Amino acid sequence: MSGEVLVEARGVVKSFPGVWEHLILDHINFDVRAGEVHALLGENGAGKTVLANILSGFYTLTSGQIYVRGKPVHFKSPFDAIKNGIGMVHQEFTLVPSLTVVENIALMLRKHNPLSYPLKEVRERTLELSERYGLKIEPDRLVEHLSLGEKQRVEILKVLYWEPDVLILDEPTSVLTIDEARELFKILRRMAEEGKGVVFITHRIEEIMAVADRVTVLRLGRKMGTFKVSEVGKDELLRLMIGEMEPVRYERGRSVEWGRVVLEVRDLHVLSDDGREAVKGVSFEIHEGEILGIAGVSGNGQRELAEAITGLRKASRGRIRLMGLDITNKPAGEIAKLGVRHIPEERRRMGVVEPMCLAENMIIREYKEKTFSTAGVIKSKVITEHSKRLVERFKILTPDIWDTEVRILSGGNIQRLILARELWKGPKLLVAFHPTYGLDLKAVTHTHQHFMELRQKGAAILLISEDLEEIFLLSDRIAVMLDGRIVGTLGAREATPEKIGHMMAGVGAS
Amino acid sequence: MVSKKIRKILYRLAESLLAVGIGFLGGAFLMLLYGYDPITAYRALLTGAFGDISGIYETLSFATPLILTALTFGICVRSGLFNIGAEGQMYMGAIGAVMIGGAMSLPAGIHAATATLFAMLLGGLWSIPVSILKITRNVHEVVSTIMLNWISFWLVTYLITYQLTDPMRAERAVPAQETARYTVIGASLTTIFPVVIAFTLLIYFIVWRTTLGYELRLVGYNPEAARYAGISIPRAVVMSFLLGGLAAGLAGASQVLGRPPSWTVYATLGNLVNLGFEGIGVSLIGRNHPIGIIFAAIFYGGILHGGRFMEFEAGVASELVRAINGIIIVALAIPELLSMVSGVVKRRRGKEVEAG
């Protein structure tokens, strides 16, 4: 623990001018010592991955200085970092599926005969490394046949091949089963025992308790402190990670009688893109005039849940009913026709068609309806009128309706466009995913007002958000999603940020 | 608000004119290099292509099939597909026109119409395997269309050589009968030209004014958003290839039913070969837009037809004429090619930004 300082970051600042106005990393000091596992804890957007990418040469820093064994260094590329003994295992895999394990590792080599890779040599060394660290792999299998845990071991071996002194792992447990994660922790401990420094990025406090020696907490680009794990409590870490928060709630006006059940989800299972089970048996219902908030760190199955409900992704098991009607695995268009609307997570990618104009974007849902087209011919006059009305009502700032591509609209106006399109007709169910992410205060308030109005009219809203304040502000009930399951549901009155925070971080029931 | 649209069109026109200028300069440079007089040559080209009425007829006749094969490419670009199958679909259309127009007897009027529609149908059918392979097996359309182009080439060659041979002249298929021919307007231009223009305007209408066209464009611009809107992507793919196939089939028909003096197809397919591929260039010059394509095809036709006069009157070697044509065409295609490439790059980058 009191080993030599291998890598040190002093006063590191990272900004993405033009994209983000605030600093992504705000004067961060961080160090890794030989023989320790140093955890980086924080919510999404806290800057953990950015810091790791700076330490491993993937990003350049805006200001500040990195030292390796006390000497200042300037990394221009990941290979500079590798030469200085720093290797990183990314969250996303970078393997070629149609090649074997050994061939994948050989791809990393820089100096070799251009016509052939020294596969025999690589194979021997891979086996030796896998023996030494207990990273079980079969060197000749094709990567496409490996499980996620196995793929990750290959990624780790790829980095270990360079004999790094410091190994950085970005959210390595997010793709692993519990057993695989335990196995990984053993491997990390073994590396630390060998005198390597290990940086372990996570948002799960339990995992830090299980494997780390020290922990540094980041929140929104600021460092909240570095602690010895043996000297800090879970609650303390949680508080530092999510911050103190006074829940504010909307005046609910006349209390809306919860009417009939609008959406009923029973034992829903959904697979993610990579074939992993992302939603693992979720059940809930939402009533007329109710907002159900789903809290949780993203990547815990929220996206797959929203897509299954809106028909964009197939459910592998379970039932979804809308007003009693089974809509499981119905096509997206049909579900939309039944009165389900969706504010998608990725606005610009899914929510709008950037090269089209505002008017054409406005009719994505209803272009086939008689109002907007007859016998397959689009009624542009009606659409013009319709768009003008919505532009006014939802205060969308746009130069015109037909001539400008919506690409040039600001994020807030894109979101207003989506809101207008999804809400004007008064949906029965609204699935809203991160509806105010990245918006300014005015746009946030505007969105929230529309939600409350919709609720007052008796619609059901499924609000999925990482923003706890927003969840508390709007929800009638709050459910927490962790690892594909709903780990608890609380009424708005009984829910406190502490209780929800505990559930989100997977810290035992409280 | 209209002014903004006009400004955009003018800007594109200026871009194209600049490209033409650069192309002509490049060609001139080439001619100077080989000791020809570019001024005389270009004058010959322009007067040959547009100088008198018969020149214009000939130019439009050259343009006719190119408008259609360009549409095949252009429609699919709108749906994000890279369709280079016009060539094979056009062969199928031509042989379809021979089957009805040459090998069957029908009353005048009905004959030409039936032969034309049958040609379009065959062209359309030839696009179906492309869609099926793409949708069920995820085979990229570039691969499948190239394969189908060759299959079509040899199938049609076989049909001409063994089944539909002209009894008088074995090197070609039976010519279209009088009843199946479009009326000659002048030179080798026939009344199929206005038919082609009408078809092009119809395509324009479909792509920009109908729900089908809306779906096609939506899928092309952003498949994710199309899924979100509940549009069936396979259906859009089929429709896009099908419309393209119909256009290419009509291109084939135009060379049999609408082009004197041969009114048929040679066993070498010599009067068809490459019209499909040249359509890609024409589409790029016309910014993959139906109206742009009409003008681009006429320009292209003018270069092809007028190019011969560079040879006759300025004595430029015919190989060099082709090289000069090539330079002009490439220069013209560059603006749209660049914007297509930058579109792809932007989309990729966009993904990275969202992922990061």
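Values below: all heavy atoms of this structure, side chains included; hydrogens, waters and symmetry mates excluded. By convention in this document, chain letters (A, B, ...) are assigned in the order of the sequence lines, proteins followed by strands, and residues within each chain are numbered from 1. Keep in mind the model is a prediction, meaning the values are calculated, not measured.
Within a 6.0 Å radius of NZ in K337(A), other residues, nucleotides and ligands contribute 12 heavy atoms or fewer. Other residues, nucleotides and ligands place no more than 12 heavy atoms under 6.0 Å from the CZ atom of F295(B).
Atom NZ in K368(A) sits 7.5 Å away from atom CD1 in I231(B) (nearest 0.5 Å). Between Y228(B) atom OH and R349(A) atom CZ the span is 14.5 Å, to the nearest 0.5 Å. Note that CD1 of I364(A) and OH of Y214(B) are 4.5 Å apart. Values are rounded to the nearest 0.5 Å. Separating the CG atom in L218(B) from the CG atom in N361(A) is a distance of 7.5 Å, to the nearest 0.5 Å.
Heavy atoms closer than 4.5 Å to chain B are found nowhere in I335(A), neither backbone nor side chain. Of the atoms belonging to R313(A), not a single heavy atom falls under 4.5 Å from chain B. Residue contact with chain B, scored on non-hydrogen atoms closer than 4.5 Å, involves the side chain of T404(A) exclusively. Neither the backbone nor the side chain of Q91(A) comes within contact range of chain B; no heavy atom of the residue lies under 4.5 Å from a heavy atom of that chain. For E360(A), the parts lying under 4.5 angstrom from a heavy atom of chain B are both the backbone and the side chain.
Between V352(A) and N222(B), the shortest heavy-atom distance links the atoms O-ND2, 3.1 Å. The two atoms that bring R365(A) and A229(B) nearest to each other are NH1-CA, 4.5 Å, heavy atoms only.
Among G351(A), P344(A), P355(A), G333(A), the residue making the largest number of heavy-atom pairs under 4.5 Å with chain B is P355(A). Chosen from E307(A), E354(A), E422(A), the residue pairing most often with chain B at heavy-atom distances under 4.5 Å is E422(A).
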Determine whether F205(B) and V377(A) satisfy the following criterion, side chain to side chain contact (heavy atoms under 4.5 Å, CB included), listing intermediate values before the conclusion.
CA-CA 9 Å; F205(B) 183 79; V377(A) 179; 3.8 Å; yes
